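Taking it in order: structure first as structure tokens, then the write-up.
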Amino acid sequence: MKFESLRGFRDIYPEDAEPRDRMLSEIKKVARSFGYQIIDFPSVEPLDLYRIKSGEELVSQTFSFTDKGGREVTLIPEATPSVVRMLTSKKDLPKPVRWFSLPKIWRYEEPQSGRLREHVQFNADIFGLDTPEADAEIVGLACTILDSLGLAGNYEIRINHRKLMDEILRALGVVDIPRVFGIIDRFRKIDRQEFMNSLGEAGVSQDSARIIEKLASSRVKADDSAGLIQSLMEMNNDLRESLERVVSTIRMISYYTSSEIVMDFSTVRGLSYYTGLVFEAFDIRGELRAILGGGRYNGLSSLISDQDIPAIGFGMGDVVLELLLKRTNLWHKDISGNRYYVCTVSDDAASFSLKLSIDLRKKGADVIRDMGKRSLSAQLRSASVNGCSYAIILGTKEVSTGSITIRNMSDGRQEAISIEEFLSSIKK
RNA sequence: GCCGGGGUGGGGUAGUGGGUAUCCUUGGGGACUGUGGAUCCCCGGACCCGGGUUCAAUUCCCGGUCCCGGCCCCA
């Protein structure tokens, strides 16, 4: 009988698991440098938690089942509801709260490029602040993480504002705003004519449709945002407050990164619960799906509790990030310079090699001890493929003199030194 | 859930309605009784699964499954 991993699930071998672990460590390090604290929560939750927030569409794409007590439960398809529950059930948390997490999440969908049925998703949120500063910090955190992974200049941030969009559409006389959001969301996937037709079918006038089309196809860089205010204000003076907030947010974000920040009216992040700033990061070549996405979701906490706490956050999956890092040649193992391979070439050196290995590890070194009784050639071959910088050779000669023979694996030079001298030379 | 393209050792491949299934690479061991990444030798390892057609299927047909890509969706 042959077993394979389930569709959409991965076995991750050291050649990928090591770089991945390094990537996740770097992400955590950056989050902590912003004062965000790590949290964790269950991988299985009541299915209703997602019904409330996202409806049956999401529920149909969960790994869900009925447990032995007859409860409908699911492997979590996202982190936010669990995080918001943790936030609202502890009422004495000093605000603002800055949290991050690295849960595995699951979605029952057809796997495709950059999307699997199980992945790790980094989440960061800031609760209790509804300001441009908080908006900018969350986007700034996202940018700083990507930059510290070496991706500066390889991605762009697309920003929009749901409230601003809402006001613009209202000013244009749009009645069915959610429907038009849906059409705008598909702007990049459909051709111009189909876009205009859809707007027409949604009851949008021709003049308004032309303006929406123009907005959706414009990309405004951070530096040009003043001009943007000007032109949109001419359209409707009521937009001033929202516009100024977006522009000041973008200005602050540009302090965090040199990567491109653009105002992009076609970024609306589906039809979900976002209420303010929304943003996504894409690779600059446009080959991959979104690297990360997020936004402000002020209404959510009051849906699942009696509290109303403003919130903004984002999620970033490991799958697209790995693809991008590989394409950018940034998917490497950490080369540690303190790795020893202990070779034993005679039976009487066995206990010597065991004791030396233990002592070395206590000094903080990584030590692989060869335990097969095989030729020294074979042992050195193992030392080489395991990436050890030094091999230590122990045999009758070394046992009788209380010394070791140490071989530098990169240049082949070797010397014999006393065991005491060697151990004291190892830095802890 | 839907659509398209694929599936031969761990990786990359050749090939065939019939015989011990090709080559490269990787892996293990040895030549080297105490010296790796070179060379040579030896060894291990595969026709995705099920059904059908046939005297005979890895090969042809059907279904499934998995992989790759796309749709839907992206919470």
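Everything numeric here is computed off the predicted structure, so don't read it as measured data. Basis for what follows: all heavy atoms, side chains included, without hydrogens, waters or symmetry-related copies. Throughout, a chain's letter reflects where its sequence line sits, starting with A, and its residues are numbered from 1.
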When we call it a touch if two heavy atoms are under 4.0 Å apart, what does A:Thr396 touch: a base, just sugar-phosphate, or nothing?
base

Atom pair distance, as rounded to whole Å: CD in A:Glu15 and P in B:G11:
11 Å

In plain terms, say whether A:Asp130 and A:Arg245 are close enough for a salt bridge, that is, a side-chain N and a carboxylate O under 4.0 Å apart.
yes

Look at all strands and tell whether A:Arg51 reaches a base, only sugar-phosphate, or nothing, counting heavy atoms closer than 4.0 Å.
nothing

Could you check which of B:A75, B:G34, B:U35 has an atom nearest any side-chain atom of A:Leu380?
B:U35

Sorted by number, residues from residues 303-313 of chain A placing a heavy atom under 4.0 Å from RNA chain B are none

Distances under 3.5 Å between protein N/O atoms and the N/O atoms of nucleotides 38-46 of chain B, please, pair by pair.
none

Mind checking if A:Ala391 touches a base, just sugar-phosphate, or nothing, with heavy atoms under 4.0 Å?
nothing

Would you say the rings of A:Phe63 and A:Phe9 are close, in the sense that their centroids are separated by under 6.0 Å?
yes

For RNA chain B, the residues among residues 104-125 of chain A that have a non-hydrogen atom under 4.0 Å from it
A:Arg107, A:Glu109, A:Glu110, A:Gln112, A:Ser113, A:Arg115

Give a yes or no on whether a donor-acceptor pair under 3.5 Å exists between the nucleobase atoms of B:U35, that is its base, and the side chain of A:Gln379.
no

What contact category does A:Gly315 fall into here, base, sugar-phosphate, or nothing, at under 4.0 angstrom with non-hydrogen atoms?
nothing

Would you say A:Arg374 reaches B:G29's phosphate, i.e. side-chain N/O to OP1/OP2 under 4.0 Å?
yes

Determine whether the aromatic ring centres of A:Phe314 and A:Phe122 lie less than 6.0 Å apart.
yes

OP1 or OP2 of B:C32 sitting under 4.0 Å from any side-chain N/O of A:Ser375?
no

